[in-house]
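What follows is a single structure, written as structure tokens, with notes after it.
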Amino acid sequence: MEKIDFLTKYSSSVGIVYADVNGLKEINDTLGHQAGDAALRQAARLLTKCYGLENTYRIGGDEFLVLVPLVTELDFKTSVRRLRELAAGKADLSIAIGSEWVADTAQLERAITKTDQRMYCDKVEYYNRRGKKRETRHDLNDFRRMAAKSQPIAD
């Protein structure tokens, strides 16, 4: 992904959010693919509202990556709290969220992997609260293939 390559060339801070729509398969199966597409658009709007279109990428079916360069740790943590509050206020949308702030983009790829793992833990908690066991997970190596294909969000 061009933005990752660009950011790792310069030593700066970056905030990372990895987000995934919870229950998309169930939405598609019960309400139809139009409803699933609407959930994806709603998630994209929520992320771009918090982080801007230029920082938000859809990297897989229902997975999003946000890269916020040159952000302070405090400002980034505040933005993640805001994202979680806004997401919690959506009765018809649930997203799993992982986040990480790093002071030096030299650690970016490792931090993205860590953020993805945090998002997955959030997703597991979501399913556990609903009494559903979540056992499958794409291989973390799939991240590189997804990131290579990703493009900025266009609403």
Side-chain angles (χ1 to χ4, degrees), residues 1-4 6-7 14-102 108 111-140 142-155:
M1 183 155 112
E2 288 179 31
K3 188 158 188 175
I4 291 174
F6 176 79
L7 290 173
V14 65
I16 306 156
V17 173
Y18 209 114
D20 185 296
V21 177
N22 288 321
L24 184 63
K25 182 181 180 341
E26 185 176 340
I27 293 169
N28 284 335
D29 290 350
T30 59
L31 302 173
H33 289 278
Q34 286 182 331
D37 290 345
L40 289 170
R41 285 192 303 276
Q42 187 175 12
R45 280 191 300 273
L46 181 65
L47 291 165
T48 58
K49 178 178 183 175
C50 290
Y51 298 105
L53 190 59
E54 71 281 4
N55 295 322
T56 306
Y57 299 84
R58 181 176 175 195
I59 61 169
D62 61 347
E63 295 183 350
F64 297 87
L65 177 66
V66 175
L67 299 170
V68 186
L70 302 171
V71 64
T72 67
E73 184 175 14
L74 179 60
D75 287 345
F76 181 68
K77 287 183 176 183
T78 299
S79 74
V80 172
R81 274 194 302 277
R82 180 175 179 247
L83 172 63
R84 289 185 183 279
E85 288 169 2
L86 289 172
K90 302 282 183 193
D92 57 343
L93 178 70
S94 174
I95 58 175
I97 299 168
S99 64
E100 178 79 5
W101 178 87
V102 292
L108 183 58
I112 290 171
T113 300
K114 186 176 181 180
T115 305
D116 175 50
Q117 292 168 339
R118 286 181 175 172
M119 178 278 301
Y120 184 64
C121 288
D122 193 42
K123 183 172 272 301
V124 168
E125 288 178 24
Y126 166 83
Y127 285 103
N128 286 343
R129 284 190 305 270
R130 280 148 187 78
K132 298 179 182 180
K133 193 160 187 123
R134 178 82 175 167
E135 297 179 11
T136 60
R137 174 68 176 137
H138 65 75
D139 186 308
L140 291 178
D142 290 341
F143 166 75
R144 283 202 174 276
R145 288 190 293 279
M146 290 186 295
K149 297 177 190 175
S150 70
Q151 297 181 18
I153 296 293
D155 196 14

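- Note that the CE atom of M119 and the CG atom of L65 stand 10.0 Å from one another [nearest 0.5 Å].
- Residues V17 and V68 fail the side-chain proximity criterion, which asks for heavy atoms closer than 4.5 Å.
- Side chain of R45 to main chain of T48: no donor-acceptor pair is present (N/O by atom type, distance under 3.5 Å, no hydrogens or angles).
- Shortest non-hydrogen contact noted between T115 and G98 is CG2-O, 3.1 Å.
- For the pair N28 and G36, the tightest heavy-atom approach, listed with the atom from each and the gap, is OD1-CA, 3.2 Å.
- Every residue was checked against the salt bridge (Lys or Arg N to Asp or Glu O under 4.0 Å) condition with R130, not counting sequence neighbours, and none meets it.
- The structure places CD1 of I16 at 9.5 Å from CZ of R118, a figure rounded to the nearest 0.5 Å.
- Annotation: side chain of L67 is in contact with side chain of I112 (closest heavy-atom distance under 4.5 Å).
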Side chains of residues 73-81: which donor-acceptor pairs under 3.5 Å do they make with residues two or more places apart or in other chains?
unit_1	atom_1	unit_2	atom_2	d
E73	OE2	K77	NZ	3.2
D75	OD2	T72	OG1	3.2
T78	OG1	L74	O	2.9
T78	OG1	R81	NH2	3.3
S79	OG	Y51	OH	3.1
S79	OG	F76	O	2.6

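- Between E100 and A111, the shortest heavy-atom contact is CG-CB, 4.0 Å.
- Of all non-hydrogen atoms in V21 and K123, the two that sit nearest each other are O-NZ, 3.2 Å.
- Closest approach of G23 and Y126 over heavy atoms only: N-CE2, 4.5 Å.
- For the pair N55 and P69, the minimum side-chain heavy-atom distance is below 4.5 Å.
- Between atom CG of residue D62 and atom CD1 of residue I27 there is a gap of 9.0 Å, rounded to the nearest 0.5 Å.
- Residues G15 and V71 approach most closely at N-CG1, 3.6 Å, considering heavy atoms.
- Shown are L40, D37, I95; of these, the side-chain contact (heavy atoms from CB on, under 4.5 Å) with L24 is made only by L40.
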Verify side-chain contact (heavy atoms from CB on, under 4.5 Å) between D122 and N22, making sure each step is shown before the conclusion. CA-CA 10 Å; D122 193 42; N22 288 321; 5.7 Å; no

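- Using a distance-only test at 3.5 Å, with no hydrogens or angles considered, a donor-acceptor pair links the side chain of R84 to the main chain of I97.
- Considering only heavy atoms from C-beta on, L86 comes within 4.5 Å of R82 through its side chain.
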